[in-house]
Every structure is written in structure tokens, then in C-alpha cells.
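What follows is a set of notes on a single structure, which appears directly below.
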Amino acid sequence: MSSSVSVANENGIAVVTIDNPPVNALSFHVRKPLYEALAALRDDPAASAIVIACAGRTFVAGADITEFGKPLQHPELRAIIALLETLPKPTVAAIHGTALGGGLELALGCHFRVADRSAKLGLPEVKLGLLPGGGGTVRLPRLVGAAKALGMIVSGAPVSADDAKAAGFVDAVFDGDLLAQAIRFANEMVAQGGPFVPVRDRNDRLAATDLAAFDALAAELARKARGLEAPLACAEAVRNAITLPFDEALAAERQLFLKLVSGDQSRAQRHLFFAEREAAKLPGKDLQRRRIERIGVIGAGTMGGGIAMAFANGGLPVTLLETSEEALRRGLATIDKNYAVSVSRGSLTDEAKQKRVGLFKGSTDYADLADCDLIIEAVFEDMAVKKEVFGKLDAIARPGAILATNTSYLDVDAIAASTSRPGDVLGMHFFSPANVMKLLEIVRAEKTAPDALATVADLARRIGKVAVVVGVCRGFVGNRMLSARGAENEFLLLEGATPHEVDKAFTDFGWPMGPFQMGDLAGLDIGWRNRKARGLTALIADTLCEQGHFGQKTGRGWYRYESGSREPVADPEVEALIRAKAEELGITQRDISADEVIERTLYPLVNEGAKILEEGIAARASDIDVVWVNGYGFPIGKGGPMFWAGLEGGAKIVERLEHWHGWTGRAIFEPAPALRRFAETGAWES
Ligand code: T1G
């Protein structure tokens with residue numbers, strides 16, 4: 001056999017072991033020997049049953065994603081599963097770690113599935129803009145029912161081994177030596193005797209499907225797809241499993257899969273899959289990491305409290321420091337309330353809540369941070385305040401402790417320089433709510449030590465964050481590009497667009513909401529305070545704020561909000577204000593198309609990204625995509641701004657930027673050299 005697949009006979013039970021590190025993906029060099037092994041075992045009298053198992057940390061985590069978009073090499077997965085289902089002896093999949101995508105489909109090709117209790121099982125293809133292409137949409141519904149299968153396939157979320165057994169697609173869950181117990185299980189099946197019914201022939205659960213209820217559920221899920229094709233294709237494929245004979249449904253699944261795999265959305269989502277993993281790769285991967293066992297957080301406000309929860313959720317004890325007992329009590333009460341909301345929603349058990357709350361220690365004394373390995377400051381965004389805090393930290397923190405600032409735009413080099421240990425200082429820019437948002441911008445200051453950086457990057461993964469290392473500049477990657485994206489917003493209004501038209505261009509593009517609705521949600525007063533602090537103005541937004549209209553929290557902003565509702569309603573007074581300001585400025589209003597909105601907002605976004613690459617603030621274009629998808633809601637079906645620029649066409653973006661630069665004279669439209677090079681080569685430099 002090949003190095004990727006081996007066969008051993010354990011007293012009459014053939015154990016086929018797949019060994020393709022790191023995650024036993026079903027690459028061609030696995031599929032071929034696997035097919036040959038199974039074909040050989042079909043008529044092997046020495047094998048009364050077959051157990052399929054995997055070496056390493058996980059069962060098969062799916063098809064090999066790197067092979068998509070390349071010519072398909074046979075045998076393909078479906079042929080292996082079709083062979084499995086015709087074998088005249090019981091087959092058992094022994095699942096540990098994860099059985100995902102093609103890995104679960106392979107297991108569904110077996111007569112039986114046994115799993116280690118810690119295993120996770122799922123069909124996450126939808127997260128790659130795909131659907132299960134190895135029969136998962138046709139076989140899983142036969143075991144768990146159509147509605148359950150639809151939920152699993154459209155969400156792509158894995159389930160535990162116990163839940164999988166309860167749902168009906170795992171036959172036994174074991175603790176301890178999985179392989180030994182899988183072999184014992186296979187022997188019991190042999191002793192029990194056949195017939196061994198392949199999943200394809202188990203139709204009872206499907207026959208009981210309430211099609212109307214299924215369609216209603218599918219419609220509900222489709223409403224949430226926001227322009228993504230894969231969730232709709234998943235629903236269509238599972239419906240086929242109910243209404244069509246097995247082989248017809250399988251063939252239909254194949255057509256849907258082939259359409260998706262060659263489409264831009266899946267290419268974008270596969271790009272993001274690898275981009276997130278690339279972003280985590282830092283130079284010096286063999287560097288000794290620093291010990292991180294206790295976290296200190298300074299400031300128990302919205303950001304500080306959320307950051308503290310993120311670490312407690314990752315199982316790390318947290319010392320939360322505030323300036324007064326009152327402020328501390330308020331901060332801890334908010335944390336407790338947030339956990340209580342999760343318990344009431346059923347996303348957290350009361351026991352888990354108690355465990356997490358138990359990890360907090362409140363204090364008003366800096367000395368209590370002396371035993372912390374990482375201390376994160378989340379105080380008011382003022383340089384003098386930051387320097388005062390870091391001065392105190394420099395005095396009390398233990399040698400080798402990492403000192404982090406949560407600033408979202410201040411100069412981290414200047415903060416580091418206010419200590420005697422700039423090598424231990426970096427930025428950790430969390431996004432609000434910090435216990436929910438996945439993105440973390442790790443800001444590498446000029447003197448930050450590589451081991452401090454690597455330690456924090458690993459820690460980010462440990463607490464479930466997607467981390468991107470960025471350099472020091474105002475607003476780092478995300479906020480810097482956000483201001484470029486928003487620079488034209490008011491000009492678009494003055495020239496004739498309404499807040500609703502601009503926002504609709506964004507939601508049609510795939511964003512959860514547009515800039516004006518987002519402004520109302522976040523509160524217009526925040527931007528107003530920032531502008532005033534920097535001596536900047538925004539003609540219309542400033543006027544709204546002077547009128548006390550801060551958005552949802554005051555019931556009026558760019559839109560009106562009926563009491564208690566979050567539904568934005570167009571406000572004729574705002575539109576009248578905009579027209580009046582335009583008249584004051586001698587601007588003749590005109591119709592503005594959605595394309596123009598996109599050109600004047602998202603093209604500058606890409607252009608700013610190009611400048612960030614030129615300056616080395618981001619190491620890779622794909623890092624920028626990871627920031628925007630995980631921190632700013634950039635539509636995943638477009639892969640992030642830099643990937644989308646490839647779909648949109650670099651030459652077109654340059655040509656239109658030049659048009660708007662000529663028309664407005666504004667610098668944000670001047671194409672960056674890196675963008676011009678991208679337009680010529682089709683590839684971003686890194
Ligand atoms: N194909 C190729 N490479 C893969 C891979 C895959 N399926 N999964 C992981 N890798 C690489 C990854 O890029 C990284 O590489 C290394 O393995 C470790 O991964 C027909 C169509 C299993 C939960 O979507 O969710 O089956 O960066 O860093 O955090 O229906 O990997 O080291 O060079 O993520 O421990 C469906 C994808 C495929 C699961 C482990 N399967 N993988 O997480 O490690 S489509 C998936 C994961 C499919 C069929 C269809 C996770 C993991 P490198 P990692 P991890």
C-alpha cells in the first residue's frame with residue numbers, strides 16, 4: 001500500500017488507515033490507494049469486516065480544498081463511496097477529532113459510524129461557498145431526517161459525537177481506545193450477521209418528511225443568505241433527496257456542486273479559508289513562546305469588559321482593574337448580565353457561566369497586576385492617559401510580561417517609548433463587542449520583540465480570534481481604510497443621493513448594512529467627538545449631532561426609528577437638510593446610480609489597501625481581506641476588498657479612480673502605484 005493508506009488485518013477485521021497529515025484531506029494520493037484497498041478487500045476471505053480509521057489528530061477533514069479548480073483526478077470521492085456501499089461485508093468508520101465534509105461523506109458511505117466522545121462531525125462546505133459534493137445532501141437526510149440535515153448543511157456547523165448519535169448518524173460513542181472498540185464493534189456486527197443496509201437504501205426517515213414544513217424552513221434559511229448562492233443550493237439539494245430517487249438526487253447534487261465550485265463566490269470563500277491561515281503565520285515560528293497564564297485588563301467599560309470576557313471564555317483567569325470600586329462594580333455587573341443573557345438564550349449553561357465568572361478578580365490596585373503575564377489597557381483614547389497608564393505598568397509588571405494597548409488609532413510606538421521595555425509593548429486592537437467579534441489586529445510596534453508578537457498571535461487562536469499582524473499607522477488597516485471608504489459619503493448626499501440609496505447600494509453588494517444605518521447603530525456622537533478632537537468637520541453629520549440626533553439611541557439620526565424599533569425610516573427633514581446644504585454650496589443635485597456609489601466608496605477602499613501594502617503596514621493583500629471580512633462585514637462571497645478587486649478588474653478600478661480624481665480633484669481617488677501594478681499584473685505584491 002502507499003504511505004497514505006495502509007491495511008492491517010486484526011483477527012479477521014481489516015483496518016484501513018488513512019495517514020495524510022495534517023488533517024487527512026482526501027487528496028488524490030489518498031483516494032487512489034484507498035479505492036484500491038477497498039476493492040481488494042471486497043473478496044478477501046480473510047476480512048469479514050472493514051474498519052476505516054485515520055492516523056494523526058483527526059479523521060478525514062474533507063476533500064483536499066487545494067485541488068478545487070484543478071482538473072479532477074480519478075478515482076473521485078463518489079466512486080470510493082459507491083464502492084463502499086456495494087461491499088458484501090460490514091464497514092465501520094472509526095471517527096476521532098473531526099469528520100468534516102468529504103470525511104463525513106466517506107463515513108456515511110459505511111454501514112456504521114463509531115466515534116470518540118470528543119469528536120466533531122459536520123458538513124461545512126457551505127462555508128467554502130459549496131455544498132456537500134460526495135452524497136452528503138442525499139445520505140445524511142436518510143439518517144437524520146430532512147429538516148435536521150438541512151439545518152446542518154446550510155449552517156455548516158459541526159455537532160458533537162453525542163449529538164450525532166442522538167440525531168441518528170452515529171451508531172456508538174466511545175471513550176478511550178477508539179480503534180480497539182471499533183474493531184470489537186465490527187466483530188459484533190459480523191456476529192450479528194447481515195443484511196448490512198447501505199445508507200442509500202434507508203428511506204424511512206425521508207418518507208416521513210412534511211414537505212410544506214421543509215419548504216417553509218428552507219425559505220427561512222434562504223432569507224438569511226444575503227446573496228450567497230451556496231445556502232440556496234444546499235436547500236435545493238436536500239429537497240431533491242426527499243422528492244427524487246437516490247441516483248437522480250445524487251446526480252443533481254453533482255451538477256449543483258460543479259456550478260458552485262467554478263463560481264466566484266466559492267473561489268472567494270476558499271481564498272478566505274487559506275487567507276485566515278496564512279495571516280496566522282508569523283516569521284520565527286520556532287521562537288520560544290512566553291508563558292501566558294493570567295491576564296490583566298485595565299478598564300471595565302464596554303471594550304475592557306468585552307476583552308476580559310474573551311479571555312475568560314478561553315479559560316484564562318483575568319484581573320480586571322478600575323479606578324474606583326463603583327466603576328469596578330458596574331463593569332463586573334455588566335459582564336455578569338452579558339453571561340446571563342447567553343444563559344437565557346441557551347447558548348451557555350449556567351454551570352459554564354459560573355465557571356467563567358469565577359475566573360474574574362476585580363481590583364482598583366495596580367499592584368494586583370504584578371502576577372499577570374499579559375496586561376491589556378482599554379482606557380480612554382487619549383495619549384496622555386495612555387502614557388500615564390503605561391508608566392504605571394512599567395513600574396509594576398513582572399519582567400517579561402507583555403504590555404498591550406487596545407487603542408484603535410493612537411501611535412503605539414509613542415506609547416511603547418513611554419516605558420523602559422518597548423520590546424514588550426504591542427497593540428491588541430479588539431472590535432466591539434470584543435467577546436463576540438472574531439477579528440484582532442495585533443499591532444507590531446517598531447521595537448516589539450518577535451517572541452512577544454508570536455506569543456500573542458498564538459494566544460489569539462486560543463481564544464478563538466482571527467488575528468492579523470499590522471504595522472503602526474493611524475487607524476492601522478481596518479479603520480484607516482474605513483475612513484477612505486467613508487470620505488465620499490457626504491459628497492454623495494450633497495450631489496443628490498439619499499442615505500437610503502447609498503445604504504441600498506451597500507446591502508445589494510452584500511453588506512449587512514450601509515454606512516448611514518451603521519452610523520446610526522454605532523452612534524453619530526462618537527464620530528462627532530473624534531472629528532472635533534482632530535479639528536475635522538462633516539457638514540451634515542455635524543449638523544445632525546448639533547440637533548441632538550445621534551442615531552438609534554436618540555430615535556433620530558440619518559433615519560428615524562419608531563420607539564423601540566431598529567427599523568430605519570427615511571427622514572424627510574434630513575433630506576431637506578441635505579438639499580439646503582447643497583444649495584448653500586451651489587451644488588446642483590442629480591440622480592446617483594448604485595454603481596457610482598460603489599465606485600466612489602469601495603474603489604478608494606481598495607486604493608487605500610494598496611497604499612497599506614506599499615507601506616508594509618499589512619504583510620499580504622489577503623491579510624487585508626481577513627481584516628475586512630472579520631471586522632467590517634465585507635461580504636464573504638466577494639472574498640474581501642483586495643480579492644474583490646481582482647473580480648472587479650484592476651484596470652477598471654484604476655480607470656474609474658482616475659475619472660473621479662479628474663472630476664473631484666480629491667486625493668483619495670489618485671491610484672496608488674501598487675494598484676497600478678496590480679492592474680497590470682493581476683496580482684498584489686507582498
Ligand atoms: N484541504 C486542504 N488543506 C486543508 C484542509 C482541507 N480540507 N483542511 C485543513 N487544511 C490545511 C490548512 O490549510 C492548514 O494548512 C492545515 O491543514 C491545518 O489546518 C466533496 C467539497 C480540520 C477543523 O471545510 O475546518 O469536503 O496552513 O490550521 O485549526 O463534499 O482545518 O498549515 O499549510 O485549520 O486544527 C470540507 C476544513 C472541505 C474543513 C482543523 N472540509 N478544515 O483546524 O488546523 S470541502 C472543511 C478545517 C469537501 C466534499 C467537499 C480545519 C480543521 P497550513 P488548520 P486546525
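Start at 1 and go down the list; that is how both ligands and their atoms are numbered. Numbers for residues simply follow the sequence, beginning at 1.
- Annotation for ligand 1: atoms under 4.0 Å from non-hydrogen atoms of Glu125 are 21 (C), 26 (O), 30 (O), 45 (S), 48 (C), 49 (C), 50 (C).
- Among Ala25, Gly62, Ala63, the residue whose heavy atom sits closest to atom 7 (N) of ligand 1 is Ala63.
- Across Glu253, Glu105, Glu125, a single residue satisfies side-chain hydrogen bond (donor to acceptor under 3.5 Å, both in side chains) together with Thr137, and that is Glu253.
- Using modelled atom types and a 3.5 Å distance limit, the side chains of Glu278 and Ser622 yield no donor-acceptor pair.
- Ligand 1 has no N or O atom lying under 3.5 Å from any N or O atom of Thr66, backbone or side chain.
- Of the listed options Gln269, Arg277, Arg461, Arg277 places a heavy atom closest to atom 19 (O) of ligand 1.
- Against a heavy-atom cut-off of under 4.0 Å, Pro132 is close to the following atoms of ligand 1: 30 (O).
- Residue contact annotation: Lys281 has a non-hydrogen atom under 4.0 Å from ligand 1.
- Scanning the protein heavy atoms around atom 23 (C) of ligand 1, the nearest turns out to be Leu100 CD1, 4.0 Å.
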- Decide ring pair (Phe, Tyr, Trp, His ring centres under 6.0 Å) for Phe643 and His271; before the verdict, give the C-alpha distance in whole Å, the side-chain angles of both, and the deciding distance to 0.1 Å. CA-CA 8 Å; Phe643 183 88; His271 158 75; 4.6 Å; yes

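- Geometrically, ligand 1 and Ile65 share a nitrogen or oxygen pair separated by less than 3.5 Å.
- Nearest protein heavy-atom neighbour of atom 22 (C) of ligand 1: Ala61 CB, 3.5 Å.
- Among all non-hydrogen protein atoms, the one lying nearest atom 17 (O) of ligand 1 is Pro22 CG, 3.3 Å.
- The closest protein non-hydrogen atom to atom 49 (C) of ligand 1 is Glu105 OE1, 3.2 Å.
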- Verdict with supporting geometry, Thr66 and Asp64, side-chain hydrogen bond (donor to acceptor under 3.5 Å, both in side chains): CA-CA 5 Å; Thr66 63; Asp64 186 337; 2.4 Å; yes

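- At least one heavy atom of Gly134 sits closer than 4.0 Å to an atom of ligand 1.
- Ligand 1 places these atoms under 4.0 Å from at least one heavy atom of Asp64: 1 (N), 2 (C).
- Residues passing the side chain to side chain contact (heavy atoms under 4.5 Å, CB included) test with Thr86 are Arg42, Leu83, sequence neighbours excluded.
- Geometrically, Lys638 engages Phe509 in a cation-pi contact defined by less than 6.0 Å to the ring centre and at most 45° from the axis.
- Within ligand 1, the atoms closer than 4.0 Å to a non-hydrogen atom of Gly133 are 20 (C), 30 (O), 49 (C), numbered from 1 in the order shown.
- Each of the following atoms of ligand 1 lies closer than 4.0 Å to a heavy atom of Phe274: 13 (O).
- Shown in contact with Leu128 at under 4.0 Å from a heavy atom are these atoms of ligand 1, numbered in order with element: 24 (O), 38 (C), 45 (S).
- Side-chain N/O atoms of Ser118 and Asp116 include a donor and acceptor closer than 3.5 Å.
- Note: an N/O pair closer than 3.5 Å links Gly102 and ligand 1 by distance alone.
- Contacts between Arg57 and ligand 1, counted as non-hydrogen atom pairs separated by less than 4.0 Å, involve the side chain only.
- Comment: Glu67 engages Arg31 in a salt bridge, judged by a side-chain N to carboxylate O separation of less than 4.0 angstrom.
- Proximity to Phe257 (heavy-atom distance under 4.0 Å) selects the following atoms of ligand 1: 21 (C).
- With no hydrogens or angles considered, a side-chain donor-acceptor pair links Ser27 and Asn20 at under 3.5 Å.
- Atoms of ligand 1 found under 4.0 Å from any heavy atom of Phe68, numbered from 1 in the order shown, are 21 (C), 45 (S).
- Protein heavy atom nearest atom 4 (C) of ligand 1, with residue, atom name and distance: Val23 CG2, 4.0 Å.
- Between Val477 and Ile617 the shortest heavy-atom distance is CG2-CG2, 4.1 Å.
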- Item | Step-by-step side-chain hydrogen bond (donor to acceptor under 3.5 Å, both in side chains) determination, Tyr339 to Asn435 | CA-CA 11 Å; Tyr339 280 131; Asn435 55 313; over 6 Å; no

Anything under 3.5 Å between a donor and an acceptor, one on a side chain of residues 452-459, the other on a protein residue two or more places apart or in another chain? List them.
{"unit_1": "Thr455", "atom_1": "OG1", "unit_2": "Arg290", "atom_2": "N", "d": "2.9"}
{"unit_1": "Thr455", "atom_1": "OG1", "unit_2": "Asp451", "atom_2": "O", "d": "2.5"}
{"unit_1": "Asp458", "atom_1": "OD2", "unit_2": "Arg289", "atom_2": "NE", "d": "2.9"}

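- With a 6.0 Å cutoff to the six-membered ring centre and a 45° limit on the axis angle, Arg277 counts as a cation-pi contact of Phe273.
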